[in-house]
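Since this is a predicted model, take the numbers as computed values, not measurements.
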Amino acid sequence: MLHRRVIGVCAGVVAAGALALTGLPGTATADPAASARQTTGAPSAPSALSSVPPGLLKAMQRDLGLTPGQAKDRLVNESRAGATAGALRLALGGDFAGAWVTGDTATLTVATTDASDAREIAAEGARAEVVGHSLAELDAAKAALDRAARKSATTAAPVWYVDVRTNSVVVHASEPAKARGFVAAAGVDGDLVRVVESAERPRPLYDLRGGDAYYMGSGGRCSVGFPVTKGSQQGFATAGHCGRTGTSVSGHNQVALGTFQGSSFPGNDYAWVAANGNWTATPYVKTSSGTVQVAGSTQAAVGASICRSGSTTGWHCGTIQQHNTSVTYPEGTITGVTRTTVCAEPGDSGGSYISGNQAQGVTSGGSGNCRTGGTTYHQPVNEILSVYGLTLKTTGGGPGPEPTDPPTDPPGEEPGGTWKAGTVYSAGDRVTYGGATYRCLQAHQAQPGWEPPNTPALWQRV
């Protein structure tokens, strides 16, 4: 049995079982700066837009309620305003009290503590605002709060920042009295600070990726298989032998992650973990040089290439030898797993198997190692999705030809029938859609855009 235990939060490990000596199968468990002021002038639209990432304009239209023309104009205006603000900051020196833009036209306002600077600001096309405190004063006050927080942070005042628009340091607080005490203890002039009552509770956010490590409450280590969702709940699929239902787990960074919601072993070797609100499921599997995006779960054929990601040995590849294999571990027999030539070692258990961009399964066990080679078995992911009613986190890409949007239906017919996105289909399953009957050609979990008329690699009309 491949098994990795963790002593404390470190890496002391014990390999349980004589896998390397006997060659018997075993579970792969638990292991910027100008020297003088100059007026830069407004950049041309092509130069301001030349390095805009693909999709940014569309995202601005969606999230800011802009037309395509407004989104482009806004980027050009903001680029111009940024250059002007930078030049004025250098020119005003210690009088400078910040700058900001407003509206879709990115109208620039520059604050100063000296009213005599207003003409110079206006000459650059900006609006001048005279205030009481310089940006340097505000930055110094915030720095004092930062130092105080390192000694005695308080969750009653979880957020503070320099707000140039109100010429103050703003402190968000659920308990204003405690926040004012925090400010006083930091030695900061109360005239510089505005305490705003707020229910905000910031928390760290972490991504779930296939192949990353996670740790069970008992001290063992396994690997994330595939991030999934169940309604609004996020989590991941993994191996059943990694933990029982109710087992708590922490992530690769040793931060609390969630709890096993279901687990089956032996007989099967699958489980899923529900993550807490700090973690987000992503459609990625970690590789040796970055990540690969998961687009679906179409089962690959015998002989196809397949790669595995695990927290001990990382990224390794091989081929699929047989599907529907039964293998006996010391704990009992597992049925319906897939046999491969990919190597694995203790701690890789639960990790992702993927062919191209299609999820295949989670690491169950095997023999050998990644120095001399070996044989491994994975629990097919589609069965896990089906049993627990999970939805694989994907990028939305599909197998074969790109799906059409909206779906292409027979003339005069409306979409509908028994086909349903999110359902796991096996080869041979029959569905109706748009008044026609289709037979499933390859096991997969259906996704929006993968309607039978649009995915001939998955469905055959009968």
Side-chain angles (χ1 to χ4, degrees), residues 53-56 59 204-215 221-230 232-239 242 249-255 257-258 270-300 304-318 340 342 344 347-363 378-382 384-385 388 390-399 402 421-422 424 444-450:
L56 185 143
L205 302 175
Y206 309 107
D207 285 343
L208 290 170
R209 302 182 306 172
D212 274 341
Y214 69 89
Y215 300 84
R221 169 166 61 84
C222 274
S223 302
V224 173
F226 291 97
V228 299
T229 59
K230 186 170 186 177
S232 61
Q233 177 64 60
Q234 306 193 58
F236 62 89
T238 189
C242 289
V249 303
S250 56
H252 61 88
N253 51 7
Q254 299 287 351
V255 172
L257 195 164
Y270 51 64
W272 85 281
V273 173
N276 61 40
N278 293 351
W279 296 81
T280 300
T282 72
Y284 304 116
V285 170
K286 185 170 67 173
T287 74
S288 56
S289 58
T291 59
V292 59
Q293 299 184 351
V294 179
S297 61
T298 303
Q299 188 180 68
S305 60
I306 188 169
C307 298
R308 177 197 54 73
S309 182
S311 60
T312 297
T313 60
W315 184 248
H316 288 274
C317 300
T340 79
V342 188
D348 288 328
S349 264
S352 328
Y353 278 80
I354 188 167
S355 288
N357 61 9
Q358 300 295 303
Q360 299 299 306
V362 301
T363 306
H378 68 256
Q379 175 76 58
V381 69
N382 284 322
I384 308 173
L385 300 175
Y388 295 122
L390 308 173
T391 299
L392 186 68
K393 192 70 174 179
T394 68
T395 57
E402 287 292 320
V424 174
H444 67 286
Q445 182 173 55
Q447 300 178 43
W450 289 25

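- Atom CG of N382 and atom CD of Q445 lie 7.0 Å apart (nearest 0.5 Å).
- Using a 4.5 Å heavy-atom threshold, the side chains of T238 and V362 count as separate.
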Item to check | Derivation and outcome, side-chain contact (heavy atoms from CB on, under 4.5 Å), residues H378 and V342 | outcome: CA-CA 10 Å; H378 68 256; V342 188; over 6 Å; no
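- The side-chain heavy atoms of V381 and Y353, taken from C-beta on, include no pair separated by under 4.5 Å.
- Considering every non-hydrogen atom in both Q360 and F226, the closest pair reads N-CZ, 4.1 Å.
- The distance from the CG atom of D348 to the NE2 atom of H316 is 7.5 Å, given to the nearest 0.5 Å.
- Of all heavy-atom pairs between Q447 and G296, the closest is NE2-CA, 3.3 Å.
- Between H252 and W279, the ring planes lie perpendicular to each other; the angle is over 60°, past the 30° to 60° tilted range.
- Across all non-hydrogen atoms, the minimal contact from I354 to V294 is CD1-CG2, 3.9 Å.
- Note that OH of Y270 is 8.5 Å distant from CD1 of I384, once rounded to the nearest 0.5 Å.
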Next on the checklist: One pair to check against side-chain contact (heavy atoms from CB on, under 4.5 Å): Y215 and L257. What are the steps and the verdict?
Outcome noted: CA-CA 9 Å; Y215 300 84; L257 195 164; over 6 Å; no
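- Between the side chains of Q358 and T298, at least one donor-acceptor pair of N or O atoms lies under 3.5 Å.
- The minimum heavy-atom distance between Q254 and S250, with the atom names listed, is OE1-OG, 3.7 Å.
- T282 contributes a side-chain N or O that, together with a main-chain N or O of L208, makes up a donor-acceptor pair within less than 3.5 Å.
- Across all their heavy atoms, G347 and S223 have their closest contact at O-OG, 2.8 Å.
- A distance of 13.5 Å separates OH in Y206 from CG in D212, rounded to the nearest 0.5 Å.
- Classification of the F236-Y214 ring pair by plane angle, with boundaries at 30° and 60°, yields tilted.
- Between the T313 side chain and the A344 main chain, no donor and acceptor come within less than 3.5 Å of each other.
- Across every non-hydrogen atom of G210 and S352, the tightest pair is CA-OG, 3.2 Å.
- Proximity of a side-chain donor or acceptor of S309 to a complementary backbone N or O of K286 within less than 3.5 Å is detected.
- Taking CD of Q234 as the reference point, atom CG of D207 lies at 9.5 Å (rounded to 0.5 Å).
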